[in-house]
Amino acid sequence: MTSDSLTAPIDWVRYWEDSYDARSKIMFRDYELDDWNERAEDYSESRRTNNYEFGESVYSTLALHGIVSPHSRVLEVGAGPGTFVIPFARKVDHVTAVEPAEGMRRMISQNALEAGVSNYDIIPKIWQDINIENFRERYDLTITSTVIWMFRDIMTQISRMEEATQGYCCVVGGVGTGQTFEAELWKKIMGNTPYPQYPEYPLIYNLLYTCGRIPHVRLINYTSKRTPENMLRMYRVFYSIYTEVTPEVEEIIREALYSDSGEEPCVRKYRSAVVWWNPAVRRKELKGIA
Amino acid sequence: MITQIDWETAWAAGINEMNRLSTTNYWNQRAEDYSDMVLASDCNHGRNILNLFEKEGLLRRNWHVLDIASGPGAITIPFAEKVCRVTAVEPAERMAAALMSYAQNRGLSNIEIIPKTWQEVDEAVYLKNYDLVICCHALWQFSDILSQVRRMEAVSRGYCCLAHGFEAPSESRELTEDLGIDGGEFDQFITVFNLLNDSGACPNVDAIDYTLTRSVTSAITSVEKLVEKYRPLNYRDSEMIQKHVQNHAKEGMYKVSGRMGVLWWKVA
């Protein structure tokens, strides 16, 4: 490899697409809406941990930097069980959740009722089906987490999120914490098949930077707590994407969970990057006199 | 096809190529105009980095800050005005003298200088000695950057911070394009960003705006030296540079705005 090729800019969009395609290649079947209905309960339990610690940390981070305020109208893309709907609705003017899975929407309503928030609405669609013309600049913040890996045409979808806001965009992406549980379980079930990548961070930063945005990043730590039954439900869905979940596979998952947490709830420490930017501000390339 | 990128090797290749052009001699020649710019700009980018730590609620009056490759004090001076002590690592005598003279003019007596390169500093002597270790605009000095970052982490009991320009002022872009200067494609900021993430440091990231102010003479000298990095300066170049700087100057001062990327993280 020449030094030129080592320092030449990387085509991050292509890198993203290749990563998406590599995952698709080892999939036994594609994700369906029913998978997310099945995941609603465990996902909700995870997001509710420590009174919505994850969503609250993201809110505090954005509020500290003036990205959200009590007057903000927020659009959450792929809201799941109300990841940001509940913690944000407590403090902002209004939250709109885009969520296609009925099970997840039920969880949003249930969680909102329990939290006493009603300043939200739900659009029951997948993000790609939304006609952006109806939403142009209607929000002060468009936010999403654990969703962008589903978009092969990542920059098209990012641009659409930008079109919906007159303020900021935010993507919250998982950061590897070096936990070995997932990789070890995968090896027991899938052998030498490479572990599928769900790229979020820092890949999304590279994409945004290359495409001229000026993102800011804060790292947050949070905890997720789920019952063994909910963990099993999650893994059952996950592995069904890559193989047939036979009674033997279920037994491997049960054993791994039991040796990890016994009969107690499974507690995981995670780290995420809160990445936000103002779509109206663009970066010029660094050439000239710095 | 997804390939794993070796950011350390990419960094070393980029820096080695850059340093082939920007020799120590080049920077010695730039010392005067660079000092002039930092002082005339009232340490603008350093103040903005200080503001960042203040806004985050992290800055403490009792901090001891280590400023690596301080130059004439763009970082050292604003921090020394707010914290109890700043140590500047600066081997170039002229830079260090400019820094101390500036400090004296400001009535600052809480600055000390280690007159060495960062590589020459024995980190074992300073283990966990500083609350913030910062290196701004000087990453090009380290082709083995990860080793040097690890040494910075070793002497920090609080935070580490690396800062580098990621957007050139539009005015100077225009001029360098007219002069036919191509600085190459190596992007220090994004390379070190990825290198840190790969190494597990996972920095927070900010972009700060800054304004550089310098005298007309200083601005002309800096561009002339830049051209000489690539080719001998000719009459046409000098004319173009003078015309550009004069046209953009106001009351004898040449002012441009740029943007800097700031990577900072808490040391474990």
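The chains referred to below are lettered A, B, ... by the order of the sequence lines, with proteins before strands, and numbering in each begins at 1. Quantities reported herein were computed from a predicted structural model and do not represent experimental measurements.
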Q: Which heavy atom in Leu219(A) sits nearest to a heavy atom in Pro203(B), and how many Å separate them?
A: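 Between these two residues, the closest heavy atoms are CD2-O, 3.5 Å.
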Q: Of the backbone (N, CA, C, O) and the side chain (C-beta and beyond), which part of Lys55(B) lies under 4.5 Å from a heavy atom of chain A, both, or neither?
A: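 Its backbone and side chain both get close to chain A.
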Q: Tell me, for Trp11(B) versus chain A, whether the close heavy atoms (under 4.5 Å) come from the side chain, the backbone, both or neither.
A: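 Neither; nothing under 4.5 Å.
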Q: Between atom CG of Asp187(B) and atom CD1 of Ile10(A), what is the distance when rounded to the nearest 0.5 Å?
A: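 Here the interatomic distance stands at 10.0 Å.
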Q: Hey, do the aromatic rings of Tyr209(A) and Phe193(B) have their centres closer than 6.0 Å?
A: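 They do not qualify: ring centres at least 6.0 Å apart.
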Q: What part of Trp265(B) is in contact with chain A, defined as an atom under 4.5 angstrom from a non-hydrogen atom: side chain, backbone, both or neither?
A: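 It is neither, since no heavy atom gets under 4.5 Å.
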Q: Do other residues, nucleotides or ligands put more than 12 heavy atoms under 6.0 Å from the NZ atom of Lys225(A)?
A: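 No.
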Q: Does any heavy atom of chain A fall under 4.5 Å from the side chain of Asn194(B), the backbone, both, or neither of them?
A: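 Only the side chain of Asn194(B) comes within 4.5 Å of chain A.
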Q: Select one option (side chain, backbone, both, neither) describing which atoms of Asn197(B) are under 4.5 Å from chain A's heavy atoms.
A: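 Interface part for Asn197(B): side chain.
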Q: Is the shortest side-chain heavy-atom distance between Val205(B) and Arg218(A) below 4.5 Å?
A: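 When only atoms from C-beta onward are counted, Arg218(A) and Val205(B) do not touch, as no gap falls below 4.5 Å.
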Q: Is there a side-chain contact between Ile214(A) and Arg259(B) (heavy atoms, below 4.5 Å)?
A: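 Ile214(A) reaches Arg259(B) side chain to side chain.
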Q: If every non-hydrogen atom of Arg271(A) is compared with every non-hydrogen atom of Cys202(B), which pair is closest and at what distance?
A: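 Here Arg271(A) and Cys202(B) meet closest at NH1-CB, 3.6 Å.
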Q: Nearest 0.5 Å, please: how far is CZ in Arg283(A) from CZ in Phe189(B)?
A: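 Between atom CZ of Phe189(B) and atom CZ of Arg283(A) there are 9.0 Å.
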Q: What distance separates Tyr205(A) OH from Ile190(B) CD1, expressed to the nearest 0.5 Å?
A: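 The OH atom of Tyr205(A) sits 5.5 Å away from the CD1 atom of Ile190(B).
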